[in-house]
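Notes follow once the structure below has been shown.
Throughout, a chain's letter reflects where its sequence line sits, starting with A, and its residues are numbered from 1.
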Number of protein chains: 2
Amino acid sequence: MKMDPADLRRVNVFKDAPEEDLKLFVEKGIVRSIEEGEFFFFQGDPAAYFYVLIEGRAKLLQTSATGQQVNLRTITEWQMFGALGAVRENATYPATAQALEPSTALAIESSFLKEMMQNRPYLNINLMQLMTSYIMEMQERYRELATERVERRIALTILRLAAQIGKRTEGDGMTVELPLTRQDVAEASGTTMFTVSRVLADWERRGLVAAGRERVVIRNPHGLVQISEGLDQ
Amino acid sequence: MKMDPADLRRVNVFKDAPEEDLKLFVEKGIVRSIEEGEFFFFQGDPAAYFYVLIEGRAKLLQTSATGQQVNLRTITEWQMFGALGAVRENATYPATAQALEPSTALAIESSFLKEMMQNRPYLNINLMQLMTSYIMEMQERYRELATERVERRIALTILRLAAQIGKRTEGDGMTVELPLTRQDVAEASGTTMFTVSRVLADWERRGLVAAGRERVVIRNPHGLVQISEGLDQ
DNA sequence: TTTTGTCTTTGCGCTGGCGCAAATAACAAA
DNA sequence: TTTGTTATTTGCGCCAGCGCAAAGACAAAA
């Protein structure tokens, strides 16, 4: 697979990188394609590479001692992931990265990013901004999980996922489509498959979404926002 | 209050700062002392300053729309907090900082830190390491909240708080003391005051802790670790 | 078309943990 | 010592959401 260095500028961290830096990253990078369900890396592996997703979608998940999973983040095209290894010495990935659909990513050695950061302030600034956005999102989600009931959490999750990985589909009105299983949504909202199924069925009755196999179509975003804010009853 | 710049080196982010940088920070800083229960800043305020806690303890909390609170982090002496404003433009604090006991902090303009970061790689590196540690801790706590039952979460919370803000007390064996209300523990572990009270009462019966008013003394750390790992029954 | 595997739905029972309320305990101020 | 305030405990009832099991729906492969 050939990659145009200029494409890398779509990655937020590289948005103001000079052409020659982009070239270096592309040259240093290895393109890796994996199938749906396969893994870019596992939690606990030495974090030797960071990745830029070029095509597809993926999720970052953590597994508990008992094997239960939670979804920490979903990754879409031109997002960077697994970059913590460039900051900490001898780091291991704190999460597992799994493809939600056939996906391609550029893998670049963490040490190279680290080296580049030595004398490129833009990399530092952008990476820090990325990190602060993670911190804020995680803090918010933590609060939600601690204080909100399931229905609201699911609404918040669906809206967040729609913003992150949703694809606009034409058709009647504005709809957003998400290629997610009930299990995925459950893991992202801190509940179970069963509860997600029941909540979605209810929403479908109320005309808010259309739920299919591995698919959620948002028909009425405003209604979902209302639920997420607790304004519905 | 007079401050020795060299003291600032106890702040992890400043651990390898040259003397003259420390002086600049101290000169630029304003020392602020507040009483227990008072606030350094509120969620939503413009993040114009970052803080270094010099004395006392504080907590970072987030409030939901319904007024429920969650504790995101506890802060102890020589920790930096409220620094996200130095990274993002026109940022507001994503959390509220409240003193757990009479506390003193050095407040420094975020813009000054930002300026200093322009040409001081050590600041960038150290700040990024701090951020990655937050990210990892939040991810872990998120997973715990999503997958573990209350008793385990409370055990994990108490152990974490002991490591963060616990004070070793002499006396019979090794004990760690935490000046926290049941409410504080509840907000840090995502449950209610009542449940914390019941769990602590149970642990007290089993000799693991001694619980008093605004106080938890860990008598048997190993026992708590066992509970936190689910090895007890 | 049939088969196979996976994902989803739904009924049902159960319980962990919430939340109220009232009593009690600990501390502080007067 | 008394009074007031705030933190804590405990009993009690309840229900949101979990988890199993079994059936149903869908998609891809044969």
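- Residues from residues 193-205 of chain A placing a heavy atom under 4.0 Å of any atom in DNA chain D, listed by number, are A:Phe194, A:Thr195, A:Arg198.
- One atom, CD of A:Glu187, and another, P of D:dC18, lie 13 Å apart when rounded to the nearest Å.
- Only one option out of B:Phe39, B:Phe41, B:Phe42 pairs with B:Tyr93 in a ring-ring contact (aromatic ring centres under 6.0 Å, His included); it is B:Phe41.
- If you take CG of B:Leu145 and C1' of D:dG17, they are 15 Å apart, rounded to a whole angstrom.
- Atom CD in A:Glu151 sits roughly 9 Å away from atom P in D:dG17 (whole-Å rounding).
- For the OP1/OP2 pair of D:dT8 and a distance below 4.0 Å, the side-chain nitrogens and oxygens of B:Arg182 include at least one atom meeting the criterion.
- Shortest non-hydrogen contact noted between B:Phe50 and B:Ala83 is CB-CA, 3.7 Å.
- A donor-acceptor contact closer than 3.5 angstrom is absent between the side chains of B:Ser197 and B:Arg182.
- The residues A:Arg149 and A:Glu144 are annotated as not salt-bridged, no charged nitrogen and carboxylate oxygen being separated by less than 4.0 angstrom.
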(request) Run the numbers on B:Ile34 and B:Phe40 for side chain to side chain contact (heavy atoms under 4.5 Å, CB included), then give the verdict. (result) CA-CA 8 Å; B:Ile34 64 174; B:Phe40 283 112; 3.7 Å; yes

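- DNA chain D is contacted by no residue of residues 62-76 of chain B, taking any non-hydrogen atom closer than 4.0 Å.
- Put simply, CD on B:Gln183 is 10 Å from C1' on D:dA7, counting in whole angstrom units.
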Return the polar atom pairs (N/O with N/O) between nucleotides 25-30 of chain D and the protein under 3.5 Å, or none.
from: D:dC26; atom 1: O2; to: A:Arg213; atom 2: NH1; distance (Å): 3.1

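- Listed here is the closest heavy atom pair of A:Ser110 and A:Ala86: O-CB, 3.8 Å.
- Side chain of B:Glu137 to backbone of B:Tyr134: no donor-acceptor contact under 3.5 angstrom is found.
- The side chain of B:Val150 lies closest to C:dG17, out of C:dG17, C:dG19, D:dA7.
- In this structure, OG1 on B:Thr96 lies 10.5 Å from NZ on B:Lys59, to the nearest 0.5 angstrom.
- Summarising the geometry, the separation between CD1 on B:Ile154 and P on C:dG16 is reported as 14 Å, rounded to the nearest angstrom.
- Summarising the geometry, the separation between CZ on A:Arg149 and P on C:dC18 is reported as 10 Å, rounded to the nearest angstrom.
- Taking side-chain N and O atoms only, B:Thr181 has no distance below 4.0 Å to OP1 or OP2 of D:dA7.
- For the pair B:Thr147 (side chain) and B:Arg143 (backbone), a donor-acceptor distance under 3.5 Å is present.
- The closest donor-acceptor contact from the side chain of B:Gln79 to the backbone of B:Thr76 lies under 3.5 Å.
- Rounded to an integer number of Å, the gap from A:Glu214 CD to C:dT9 P is 12 Å.
- The separation between A:Leu178 atom CG and C:dT8 atom P is 13 Å, rounded to whole Å.
- B:Gln43 contributes a side-chain N or O that, together with a main-chain N or O of B:Thr63, makes up a donor-acceptor pair within less than 3.5 Å.
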